[in-house]
Each structure stands twice: as structure tokens, then as C-alpha cells.
**Q** 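Could you have a look at this structure, given as C-alpha cells, before my questions?
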Protein chains: 2
Amino acid sequence: MKRKVTLKQIAKELDVSISTVSRALSNSKEIGEETRQKIQAFAKFYNYRPNNIALSLKNKKTKTIGILIPEIVHHFFSTVIRGIEIVANKRGYNVIIGLSNESFSKEVINMEMLANGSIDGFILSISKETLLQQDYHHFKETISQGIPIVMFDRVINEVDCDKVIVDDYKGSINAVKKLIATGCKNIALITTMDYVSVGKLRTQGYLKALEDHRINPKASLILKLDDSLALEEHLDILEREIEQFFKNNDKIDGIFAVNELYAVTAMKVARKLDFRIPEDIQVIGFTDGVLSKHARPSLTTVSQHGQKMGEQAANLLIDRLELDDEEDDVYVDENEIDMDFKTVVIETELIERESTK
Amino acid sequence: MKRKVTLKQIAKELDVSISTVSRALSNSKEIGEETRQKIQAFAKFYNYRPNNIALSLKNKKTKTIGILIPEIVHHFFSTVIRGIEIVANKRGYNVIIGLSNESFSKEVINMEMLANGSIDGFILSISKETLLQQDYHHFKETISQGIPIVMFDRVINEVDCDKVIVDDYKGSINAVKKLIATGCKNIALITTMDYVSVGKLRTQGYLKALEDHRINPKASLILKLDDSLALEEHLDILEREIEQFFKNNDKIDGIFAVNELYAVTAMKVARKLDFRIPEDIQVIGFTDGVLSKHARPSLTTVSQHGQKMGEQAANLLIDRLELDDEEDDVYVDENEIDMDFKTVVIETELIERESTK
DNA sequence: TGTCAACACGAAAACGTTTGCGTTGCGGAT
DNA sequence: ATCCGCAACGCAAACGTTTTCGTGTTGACA
């Protein structure tokens with residue numbers, strides 16, 4: 001077992017000083033040709049690599065991004081991670097991942113854990129519990145410590161930071177308009193409780209589209225489901241709820257669901273009740289994942305382009321980090337420092353498949 | 001912007017030495033009651049938290065696990081990550097993620113990047129390209145540097161380390177036996193090229209099950225597909241390949257596919273060709289993911305219990321890391337050190353759904 | 001021969017911790 | 001008055017780097 005070789009060991013072995021070794025390896029002109037060659041050869045032979053931790057300590061930057069998300073077994077989130085990782089890697093950063101599991105306390109713990117020097121900045125999507133409690137002190141404290149945050153998808157206005165979102169509102173409007181345009185008269189909405197910002201916005205988009213076409217929304221056509229029903233254990237309950245919803249509204253000819261699972265389950269129920277898709281009922285979901293592509297019939301969805309979101313978020317964060325670097329040199333008035341946080345909106349795309357005409 | 005406070009700052013402010021502050025905060029008996037109180041109060045007020053990087057440098061351990069996987073937008077892998085994260089978190093570790101994207105060079109780069117002090121150990125699944133090239137020097141070097149590795153799912157015999165695998169062989173045998181037991185006479189196998197170890201093992205399981213029932217395997221009933229067909233862009237090609245396969249073998253009454261996608265696609269094709277499932281053709285897939293649950297009909301699969309694999313892998317790694325700690329104290333003969341690497345086998349489970357009788 | 005650059009390198013600080021050991025002051029025992 | 005012990009704290013090393021500021025040795029030049 002040959003442990004990693006350090007500058008000190010090389011120095012000792014070659015009977016020079018540590019500083020000489022360091023300089024020789026960085027090709028400093030201050031070191032004589034002969035010594036430099038000798039040191040470089042030795043270092044290469046022993047496969048010397050500078051210790052990241054020591055560098056982090058010295059440079060006060062870790063070249064690591066902390067990702068904090070509610071859940072990882074989730075097509076959308078993993079897509080975002082991939083986007084982040086690709087950009088991070090390209091720009092010389094690593095990513096460290098924390099899962100909040102939709103829990104406020106885990107989110108806080110994880111943040112504090114990583115904020116103590118482990119990372120240079122955060123990219124995160126807020127947990128449902130946090131959204132519900134509306135307690136955002138951990139975000140604000142982190143930012144006030146000089147650690148930048150980029151939020152994506154589930155964001156809030158209360159915290160000043162860069163954000164990357166999808167235009168849930170507009171995406172929903174387009175989806176519902178598509179249903180209207182293809183002849184739907186009674187469009188149902190299957191959504192979540194309002195505290196999840198994205199659910200709320202999508203609901204608003206649904207209403208707006210109806211309004212634009214002078215269609216009166218009916219409360220009976222809106223099904224608000226508890227989030228816990230999205231869990232795999234409660235699939236049957238979810239199915240029953242939706243089935244009941246169908247039986248209460250026999251005129252439904254279009255469905256807009258705020259996520260993939262609701263949409264697919266609705267299709268399942270519809271077929272069970274002998275509706276034909278898309279002839280009798282058309283269905284559109286939000287979030288383009290694996291289910292949509294492989295469902296039977298395949299599902300028309302509003303795609304969020306998760307990977308692009310991740311890439312944008314990573315670029316925003318790294319841009320800010322490296323901008324901060326420069327400002328360490330030049331003195332900049334703290335109050336004048338870029339309070340111009342950006343909110344990047346990723347365009348949604350309606351991916352038409354078999355569940356619509 | 002109030003930057004993080006350090007021991008030095010506290011010491012200066014309270015006019016004591018750094019060591020006194022450090023000791024006071026760790027409740028050392030050596031520090032006078034009064035001073036201790038004062039320091040603790042001050043530290044609490046300024047929300048002092050020790051800097052992780054400094055601790056890592058001093059302790060020569062980062063309390064961070066490196067995960068290296070081929071792909072993250074993948075139900076199985078993300079499940080494993082969740083398992084790892086849960087255990088890691090519970091035991092005080094963080095996880096840092098690197099994606100090889102099935103590329104050998106990215107795998108190597110990522111490893112070297114993280115091996116330079118950033119992590120204490122690796123949990124990884126080998127990329128296809130690495131498997132194909134059979135170049136495992138980076139694993140061996142990492143291990144010889146004293147950084148332990150735990151491999152999962154895609155493992156190799158050539159490297160000595162802990163491993164967590166699923167019994168692909170046995171799982172496949174059971175699946176195929178189930179098909180045989182329910183009356184299938186002509187069972188087709190849809191698999192990948194042999195260099196991916198799991199594909200190979202699953203193929204062997206298929207053959208073994210047939211052999212046990214004195215059924216002669218027919219080459220025409222085995223479809224080996226190129227991996228690239230699993231990509232989403234090539235879904236149509238995949239479908240055509242499978243359709244052609246069906247047309248060449250009109251007697252197929254059972255299908256065993258080595259992954260979920262192949263199985264679901266096969267079902268799609270079968271229905272298109274007017275076969276009834278499970279009456280005419282029964283289908284079983286490997287890897288229990290989202291598709292299996294929501295496919296129509298829902299798919300009987302061999303579940304790999306990814307989360308459990310992740311948990312086991314994390315426990316194996318951390319156990320070894322913390323065992324190494326103790327051995328730093330007591331002197332242990334290097335040659336006698338535990339060469340007893342474990343290979344944990346996670347039992348597969350046949351989850352029966354609608355695609356089988 | 002004395003002066004001064006240029007060259008080649010070393011010492012030490014700094015990043016933030018922990019910890020072994022040394023030091024100070026003081027009270028009590030002899 | 002002397003010595004010992006102990007309480008309470010400081011010094012400094014160590015982890016592995018980079019970098020600023022020396023410092024010594026050359027050689028050239030006047």
C-alpha cells in the first residue's frame with residue numbers, strides 16, 4: 001500500500017525545500033532547469049497529485065457544489081442532477097448531494113452540514129414541508145454567510161437568489177388550450193394541494209386558459225389530491241379517488257393533470273370505465289418522464305427540460321462564484337454588489353403523443 | 001454579510017488563546033468554569049461551527065463517500081443512491097457523485113479527481129466501456145493507495161474489494177421457471193451483448209432453467225440487442241428489431257427480458273401483433289422500475305432491491321473505513337490485514353403482476 | 001577588489017483545527 | 001523559607017498547499 005506522496009516527502013527525498021518542489025511543479029521560472037527536471041520526473045514517477053483538501057483550505061474554495069433536493073428516485077430531479085453534473089464537471093467542479101426527503105429538518109441539517117466549508121454554493125429545490133411551514137431562515141442565513149444559492153423548480157419569492165424555473169403557468173395554459181382546440185368541452189383538472197408552488201401555478205394556468213375561452217370553471221371538475229397519494233404504496237387509493245371523481249362527472253372529455261402519475265392513473269381509470277383515449281377523453285400531463293413515453297396510449301405531456309434547468313442552474317451558480325473571486329481583489333461596495341439576481345425561465349414544450357388528437 | 005467565525009477570531013475577541021477556545025468548546029476539564037461559559041456563550045451567539053475542510057485536513061478523513069455510476073437518470077441507480085445516502089447520512093457521512101456516462105475515460109478522470117483527498121472511499125458500478133476494455137488499473141491503483149472501494153451490480157472478479165450484487169443467475173432461473181411452470185413451451189430471451197456481466201449472468205440463468213427442464217434452447221429464440229438501443233432516441237429501432245424477432249418466431253409464448261425496457265417494448269409489440277397478454281404470451285422483465293408498475297398490463301419483474309443494495313454497500317464501506325481507523329492505532333501486519341473482502345448477495349424477488357398467469 | 005544584479009533556492013506564514021507539552025501562579029505541606 | 005502539586009491556560013506542531021519575502025552564491029563590471 002503506497003500512500004499518496006506529498007510535497008514534503010518529495011522535498012525530503014530530493015533534499016530540497018518544499019517551496020522549491022511546489023514551484024518546480026508549477027513550472028516556475030525561479031527554479032533552475034536541472035532541479036526542475038529532477039523534481040518533475042520524481043513527481044511523475046510517484047504520481048504526485050496535490051491534495052484537494054489542502055488546496056481547499058488554502059484557497060478558501062472547495063470547487064464543489066452542494067445539491068439539495070427532496071428526492072432522488074424521481075425522473076425530473078435526476079435529470080436536473082445530470083444537467084448540473086455535466087456543467088459542473090466541465091467547469092472543474094464536483095457535486096455533493098443531500099436529500100431532504102421532503103422534510104424541513106433534514107433540509108436544514110443537510111444545509112448546515114454542507115455550509116461549514118464543504119461546498120462553495122448550493123443548487124436546491126425546496127422540500128414540501130419547508131414550503132408548507134414557510135420557514136426560510138436557513139436559506140437566508142446561508143446566503144448571508146456569503147454562500148450563494150440557486151433555486152430551481154420549487155422556488156420562493158421571499159429569498160433573494162438566482163432561480164431557474166419552468167413557466168408552469170404558461171405551460172399549463174398551452175396544454176389546456178390544446179385540449180380546448182381539439183374539441184374538449186369539459187376539461188377536468190387533477191392537481192395537488194396549493195402549497196406546492198408549482199401545483200398552484202399549474203392550476204392557475206388551467207383556470208386562465210378556460211377564462212380566455214369564456215368557459216366557466218366548475219369546482220366539480222377540479223380534483224385536489226393529497227401529496228401522499230403520489231407515493232407508490234398508495235397507488236390503489238389514488239386510483240380509487242380518481243375513479244370516484246370520474247363517476248361523479250360523466251361528461252369529462254379532457255383531463256389536465258399536474259404530474260405524470262396522475263395523468264397515467266387517470267388514463268388507466270378511464271380505460272377501465274370503457275372510455276376510449278383520445279376519442280372519448282383526451283389527456284395531458286405535466287413533467288415528461290419515463291411513464292409518459294411508455295404508457296399505453298403514450299401520454300401527451302408538458303416537458304420541463306430538466307437537464308437544461310440543471311445546466312442553467314449550474315452555470316448561474318458557477319458564474320456567480322467566479323465573479324465573487326474577482327471582487328475579492330477589487331474592492332466593491334457591499335451595498336452596491338450585484339443585487340441583480342436572475343430568474344431564468346426555461347420554456348416548456350408540449351410533446352404530443354397518442355393521448356390527444 | 002457575516003462570514004463564518006473561526007476559533008482565531010473568537011480567541012482574539014475574548015483575549016484568550018486559540019487552544020483555550022478549542023478546548024472550551026469541547027468541554028475540556030482543563031478550562032476554568034468561568035472562561036468556558038464565556039467562550040461557549042460567545043460561540044453560540046456567533047453560531048460557530050468548526051470548518052469541515054480544516055477538520056478533514058487534520059484528521060486525514062473527509063467523512064465523504066464518492067459514488068461513481070454510469071448514469072443517474074435511471075431508476076435502479078437512483079434507488080441505490082438513495083440507499084447509500086440514507087445510511088451515509090445516518091452514520092455521519094456525505095456523498096459526492098460522479099457520473100461516468102458509461103465512458104472509461106470519464107470514469108478514470110472522476111476517480112482521480114476524487115481520490116486526491118476529497119473522499120474516504122468509493123461505491124461504484126463499472127461503466128460499460130470499462131467492462132468492454134477490461135482495463136481496471138484505476139480501481140487497483142485507488143485501492144493500493146489505501147482508498148477502499150465497494151462495487152455494486154456491475155462488478156468484476158479481477159479486483160479485490162467488497163461487492164454487493166444481486167443474484168442475477170438465480171433470479172433469472174426463477175423467472176424462467178415461473179414461465180415454464182405456467183405452461184410456456186417456447187420461451188424467448190431478449191438480452192444484451194455479453195460483455196455486460198449482468199446481461200451474461202441473466203442469459204446463463206435462462207439457459208440453466210431450460211436445461212433443468214430438459215428443454216433445448218434454440219438460438220432463434222434468443223435476441224441479443226445492442227446497448228445503444230436502450231437509449232430513448234432509438235426506441236423505434238428497438239421496436240422494429242423486436243417486431244422482426246416476433247415475426248421470425250411465431251410460436252413464442254413466453255418472454256424473458258433482461259431489463260424493463262426490453263420487456264415493456266416486447267409487450268407493446270406483442271399487442272400490436274394481436275397477441276393477448278398473458279393468455280397468448282407471458283412476459284417477465286428484470287429490474288423493477290416505474291415502467292413495470294404502470295405498464296399495461298403491468299409487468300411481472302425480478303426486483304433487485306436497489307435501495308437495499310445501496311444500504312448494504314454503504315454499510316460495508318463505512319464499516320471498513322472505521323475499522324481502518326482502529327488499525328491505525330494498533331499495529332497490524334500489512335500482509336495479515338483483512339484480505340477477507342465480502343461479497344454480499346441481495347436476494348431477488350419475483351414480483352408477479354398481470355403479464356404472467 | 002569592491003559593488004551590485006541576477007539567479008536559485010529556503011524560511012515562514014497562512015488557511016482552521018486539535019492536542020501534547022510547557023509554563024505560570026498559587027496554596028498547602030514540610 | 002522551600003518544595004510540590006495542581007489548576008488554568010498558552011505555545012507550537014501537525015495536516016498539505018501556495019506564496020511572499022528573504023538570503024546566499026555567483027558573475028560581471030567599474
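Residue numbers start from 1 in every chain, and the chains themselves are labelled A, B, ... in the order their sequence lines are given, proteins ahead of strands.
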**Q** When you look at B:I72 and A:I72, which way does the side-chain contact (heavy atoms from CB on, under 4.5 Å) test go after all the steps?
**A** CA-CA 9 Å; B:I72 195 170; A:I72 194 169; 4.1 Å; yes
**Q** Let me know which of B:I149, B:V159, B:D160 forms a side-chain contact (heavy atoms from CB on, under 4.5 Å) with B:F341.
**A**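 Output: one option passes, namely B:D160.
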**Q** Reckon B:S19 touches a base, only the sugar-phosphate, or nothing at all at heavy-atom distances under 4.0 Å?
**A**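 Base: the residue B:S19, judged by heavy atoms under 4.0 Å, touches a nucleobase.
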**Q** Can you check the B:I18 CD1 to C:dA14 P distance for me, whole Å?
**A** 11 Å
**Q** Where the side chain of A:I31 is defined as all heavy atoms beyond and including C-beta, which of C:dG16, C:dC9, D:dC9 is the nearest nucleotide?
**A**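 Ranking C:dG16, C:dC9, D:dC9 by closest atom to the A:I31 side chain puts C:dC9 first.
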**Q** Tell me whether the side-chain N/O atoms of B:K60 come closer than 4.0 Å to OP1 or OP2 in D:dA14.
**A**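 It does not, given that no N or O in the side chain of B:K60 lies less than 4.0 Å from OP1 or OP2 of D:dA14.
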**Q** Tell whether A:T20 reaches the base of C:dC9 with its side chain through a donor-acceptor pair below 3.5 angstrom.
**A** no
**Q** Between B:T35 and D:dC9, does any side-chain N or O lie under 4.0 Å from OP1 or OP2?
**A**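 Indeed, a polar side-chain atom of B:T35 lies that close.
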**Q** Measure the distance from CG on A:N52 to C1' on D:dC15 and round it to the nearest whole Å.
**A** 15 Å
**Q** Starting from C1' on D:dA14, measure out to CG on A:N51 and report it in whole angstrom.
**A** 14 Å
**Q** For B:E34 and D:dC9, what is the distance between atoms CD and P respectively, to the nearest whole Å?
**A** 8 Å
**Q** From the options C:dC15, D:dC15, D:dT17, select the nucleotide whose nearest atom is closest to the side chain of A:K8.
**A** D:dC15
**Q** Under 4.0 Å between a side-chain N or O of A:K58 and OP1 or OP2 of C:dG16?
**A**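 Indeed not, no polar side-chain atom of A:K58 lies that close.
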**Q** Within this structure, what is the CG-to-P distance between B:N27 and C:dT19, rounded to whole angstrom?
**A** 14 Å
**Q** Distance from B:L316 atom CG to B:M151 atom CE, nearest 0.5 Å?
**A** 13.5 Å
**Q** Ignoring the backbone of B:L55, work out which of D:dG10, D:dT17, C:dT17 is nearest its side chain.
**A**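 The listed nucleotide nearest to B:L55's side chain is C:dT17.
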**Q** Name the residue closer to the 5' end of DNA chain D, choosing between B:V21 and A:Q9 according to the nucleotide with the nearest heavy atom.
**A**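 The 5'-side residue here is B:V21.
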**Q** Where does the angle between the aromatic ring planes of A:Y136 and A:F139 fall among parallel (under 30°), tilted (30 to 60°) and perpendicular (over 60°)?
**A**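 Because their plane-to-plane angle is under 30°, the rings of A:Y136 and A:F139 count as parallel.
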**Q** Pick the closest DNA chain D nucleotide for B:E33 and for B:N59 by heavy atoms, then say which residue is nearer the 5' end.
**A**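 Of the two residues, B:E33 wins.
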**Q** Kindly say if B:S22 contacts the phosphate of C:dT17, meaning a side-chain N or O under 4.0 Å from OP1 or OP2.
**A** no
**Q** Whole Å only: how far is the CD atom of B:E30 from the P atom of C:dT18?
**A** 14 Å
**Q** D:dT17 P sits how many Å from A:R23 CZ, rounded?
**A** 15 Å
**Q** Assign B:R49 to base, sugar-phosphate, or nothing according to its heavy-atom contacts below 4.0 angstrom with the strands shown.
**A**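 Answer is sugar-phosphate: B:R49 comes under 4.0 Å of backbone atoms only.
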**Q** For residues B:N110 and B:G98, report the shortest heavy-atom separation together with the two atoms involved.
**A**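 Between these two residues, the closest heavy atoms are OD1-CA, 4.0 Å.
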**Q** Please state how far atom CG in A:D15 lies from atom C1' in C:dC9, giving the value in whole angstrom units.
**A**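 That distance rounds to 12 Å.
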